[in-house]
Protein chains: 2
Amino acid sequence: MTDDLFSLDLPGVTPSRQSRSRETMEALLKAGEQLLRTRHLEDLSIVDLTAEVGVTVGSFYGRFESKDAYFNALQVIAIRRGQARYVALRASGALAQTDLAELCRLLAEHAAGWFREHEGVARAALRHSSRPERWSAFKELGRVFVVVSTPDMLARLGPGRRAAKTRTVGFAFQAMFGILVNIVLNDPGPCGLDDADLVPRLAALVEAIVRVEADGAAPDGRGRSPRARRAAKA
Amino acid sequence: MTDDLFSLDLPGVTPSRQSRSRETMEALLKAGEQLLRTRHLEDLSIVDLTAEVGVTVGSFYGRFESKDAYFNALQVIAIRRGQARYVALRASGALAQTDLAELCRLLAEHAAGWFREHEGVARAALRHSSRPERWSAFKELGRVFVVVSTPDMLARLGPGRRAAKTRTVGFAFQAMFGILVNIVLNDPGPCGLDDADLVPRLAALVEAIVRVEADGAAPDGRGRSPRARRAAKA
DNA sequence: GCTGTATGATAATCATAATTCGAATTCTAT
DNA sequence: ATAGAATTCGAATTATGATTATCATACAGC
């Protein structure tokens with residue numbers, strides 16, 4: 001977390017011209033990240049937030065145009081960290097020389113790690129998904145993850161039936177993210193975000209899903225619904 | 001949906017003494033179920049809701065003590081239908097004479113069907129999870145599903161290592177519900193709620209997860225985190 | 001140390017949507 | 001048909017919390 005990702009000027013965030021206000025801004029963002037781990041965005045009033053940091057609403061609005069802009073900043077930070085994390089993983093070359101099992105483990109580790117690190121903001125964004133740009137920004141982060149990781153997976157699944165395999169890999173990631181989203185939102189058990197077996201299980205699950213496809217046995221009724229197919233064509 | 005599940009007196013719901021008000025009540029509940037498929041609970045104002053039905057706020061408050069009680073009623077209805085659905089499935093005897101694959105398919109079909117039928121209310125409840133009793137009521141529904149279905153699964157996984165298998169079965173269901181929750185909330189793709197391959201894929205996934213366990217190869221680092229273990233002991 | 005700008009504090013203001021309440025209407029039972 | 005209860009109406013009230021406005025204080029450059 002030694003990031004200056006806090007910096008950069010975001011829409012609705014007034015760039016600070018003195019270090020004083022920059023500290024205020026960072027403190028507000030950090031406090032929000034923390035407070036959102038235990039409460040809803042709606043339950044986090046500006047007064048509460050500023051009180052936590054030891055300033056008042058005036059300073060808040062000196063930095064952020066609105067609560068909305070504030071939360072948006074929190075999201076952007078979480079997304080940037082996610083991107084940086086993924087880029088670092090790939091740059092490390094760790095993915096290159098691995099078999100399917102290890103690749104799955106590394107990707108699962110990555111995803112779970114991000115959710116652990118951004119549990120509060122992620123949950124808040126999930127709750128507001130489909131509102132303006134809430135979760136969709138994270139969705140995009142996930143989309144990139146899938147698009148970029150899929151070739152790595154395919155390379156380990158032998159030749160042929162590219163389309164089918166691609167969809168199955170997509171579903172495997174959908175499963176992985178689904179589990180993580182549900183944990184963050186509802187912690188349904190048996191596996192929690194901090195359980196030691198979460199990542200191995202996620203990895204095993206992804207591997208198992210794609211192996212079934214690679215081995216030829218595809219599920220019945222494959223493909224999209226007629227409705228969805230029609231929509232995609234249009 | 002020819003249910004009189006609408007009836008029964010719920011906390012915060014004033015029992016109607018004339019059919020007139022009962023119709024109003026049912027219309028309000030049905031309209032809510034429908035409207036929540038496309039909008040957030042917060043975006044559903046009492047005025048909107050009553051306008052949809054052709055009554056006014058007065059009648060709403062004649063039936064429901066509050067918006068909260070109203071939404072609670074919607075949840076209870078969804079839960080009762082889920083229970084009834086599951087009881088019917090078991091009573092039909094369909095589960096009894098099946099192999100593992102078919103059992104998984106039936107359970108996946110059941111779960112996906114419920115989410116399809118209650119997409120709106122489910123999504124709204126998910127968004128408010130951890131608030132008073134929002135999602136937790138559904139969580140309980142899922143818990144019962146898991147507890148009751150687990151023996152059926154175990155019976156098809158050979159003898160021995162009961163505890164490990166039970167946890168794995170739990171994780172398989174966690175995966176299934178996680179995917180469904182995420183679809184309802186974010187529709188991340190590739191599989192949507194109405195896609196023909198969703199249920200087969202869910203079934204295959206559940207089967208694959210538990211088969212790996214049955215075949216002996218268990219994921220590393222199994223079990224809960226030290227923190228969770230400590231908490232469980234206390 | 002001064003002066004202009006940036007930041008912070010505090011007390012209004014505003015917006016929104018839930019909720020209330022008394023009057024008007026419709027029903028049920030006699 | 002009519003009294004009394006149930007229901008409905010809808011304008012007025014409230015509650016909440018975001019936002020704004022104004023004034024006070026702190027900083028940076030000279």
Side-chain angles (χ1 to χ4, degrees), chain A residues 6-7 9-32 35-36 39-74 124 127-128 131-132 134, chain B residues 6-7 9-32 35-36 39-74 124 127-128 131-132 134:
Chain A
F6 279 132
S7 55
D9 62 325
L10 302 164
V13 179
T14 317
S16 56
R17 318 198 183 176
Q18 297 179 10
S19 63
R20 184 163 54 131
S21 67
R22 156 164 265 274
E23 277 156 28
T24 306
M25 184 185 87
E26 292 189 3
L28 286 169
L29 290 168
K30 277 188 182 144
L35 289 171
L36 285 176
R39 61 171 108 178
H40 285 205
L41 184 55
E42 305 90 69
D43 297 341
L44 182 61
S45 73
I46 308 299
V47 173
D48 284 0
L49 176 63
T50 51
E52 182 74 18
V53 171
V55 296
T56 57
V57 287
S59 344
F60 177 92
Y61 283 97
R63 273 327 89 204
F64 303 99
E65 259 177 26
S66 65
K67 188 179 183 179
D68 217 64
Y70 169 74
F71 184 63
N72 185 61
L74 284 178
R127 292 225 173 85
H128 292 221
R131 259 276 131 280
R134 288 291 169 253
Chain B
F6 279 132
S7 55
D9 62 326
L10 302 164
V13 180
T14 317
S16 55
R17 317 201 183 176
Q18 296 179 7
S19 63
R20 185 163 51 133
S21 66
R22 156 165 265 275
E23 277 157 26
T24 306
M25 184 184 88
E26 292 189 4
L28 286 169
L29 291 169
K30 276 187 181 145
L35 290 171
L36 285 176
R39 59 171 111 178
H40 285 205
L41 184 55
E42 306 90 70
D43 297 341
L44 181 61
S45 72
I46 308 300
V47 172
D48 284 359
L49 177 63
T50 53
E52 182 74 19
V53 171
V55 297
T56 56
V57 288
S59 339
F60 177 93
Y61 283 97
R63 272 329 85 206
F64 303 99
E65 259 176 27
S66 65
K67 189 180 184 179
D68 217 65
Y70 169 74
F71 184 64
N72 185 60
L74 283 178
R127 292 223 173 85
H128 292 219
R131 258 274 131 279
R134 289 290 168 252

Do B/Leu29 and B/Tyr70 have side chains that get closer than 4.5 Å, going by heavy atoms?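 Yes; the side chains approach each other to less than 4.5 Å.
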
Looking at DNA chain C, which of residues 48-55 of chain B put a heavy atom within less than 4.0 Å of it?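 Residues of residues 48-55 of chain B under 4.0 Å from DNA chain C: none.
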
Nearest-0.5 Å distance that lies between atom [atom1] in [X] and atom [atom2] in [Y]:
X	Y	atom1	atom2	result
B/Lys30	B/Glu52	NZ	CD	14.0 Å
B/Thr50	B/Phe60	OG1	CZ	8.5 Å
A/Phe64	A/Leu74	CZ	CG	7.5 Å
B/Leu35	B/Leu41	CG	CG	11.0 Å
B/Ser21	B/Glu26	OG	CD	10.0 Å

Base, sugar-phosphate alone, or nothing: which one does A/Gly62 contact when heavy atoms must sit under 4.0 Å apart?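 Nothing, no heavy atom under 4.0 Å.
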
So B/Thr56, base contact, sugar-phosphate only, or nothing? Heavy-atom distance under 4.0 Å.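 Touches a base.
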
Closest listed nucleotide, where the reference is the side chain of A/Ser16 and the choices are C/dA11, C/dT7, C/dT28: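 Nearest to the side-chain atoms of A/Ser16, counting from C-beta on, is C/dT7.
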
Taking 4.0 Å as the cut-off, does a side-chain nitrogen or oxygen of A/Ser59 come that near to OP1 or OP2 on C/dA9?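 So the side chain of A/Ser59 is within the cut-off, an N or O lying under 4.0 Å from OP1 or OP2 of C/dA9.
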
So does A/Arg17 get a side-chain nitrogen or oxygen closer than 4.0 Å to the phosphate oxygens (OP1/OP2) of C/dA6?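 Answer is yes, contact under 4.0 Å.
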
Does A/Val57 or A/Ser19 map to a spot on DNA chain C nearer the 5' end, using the closest nucleotide for each?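 Comparing both residues, the 5'-ward one is A/Ser19.
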
For A/Arg63 and B/Tyr61, take the nucleotide of DNA chain C holding the closest heavy atom to each; which residue's nucleotide lies nearer the 5' end?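 Nearest-nucleotide comparison on DNA chain C picks A/Arg63.
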
Mind checking what makes side-chain contact (heavy atoms from CB on, under 4.5 Å) contact with A/Thr56, not counting sequence neighbours?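 Expected list: A/Ser59.
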
Rounded off to whole Å, could you give me the [atom1]-to-[atom2] distance for the [X] and [N] pair?
X	N	atom1	atom2	result
B/Asp43	C/dA15	CG	C1'	15 Å
B/Leu44	C/dT16	CG	C1'	15 Å
A/Phe60	C/dA6	CZ	P	20 Å
B/Gln18	C/dT25	CD	C1'	11 Å
B/Phe64	C/dA17	CZ	P	20 Å

Boundaries of the DNA chain D segment in contact with chain A, non-hydrogen, under 4.0 Å: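 That gives a stretch of D/dA18 to D/dC27.
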
Please figure out whether B/Thr14 or A/Glu65 has its closest DNA chain D nucleotide nearer the 5' end.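 Upstream on the strand: B/Thr14.
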
For A/His128 and A/Phe71, take the angle between the two ring planes, folded into 0 to 90°, and tell me which bin it lands in: parallel under 30, tilted 30 to 60, perpendicular over 60.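 Tilted: the ring planes of A/His128 and A/Phe71 meet at 30° to 60°.
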
Please report the shortest heavy-atom distance between B/Arg22 and B/Ser16, naming the atom on each side.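 Looking at all heavy atoms of both residues, the closest pair is CB-OG, 3.3 Å.
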
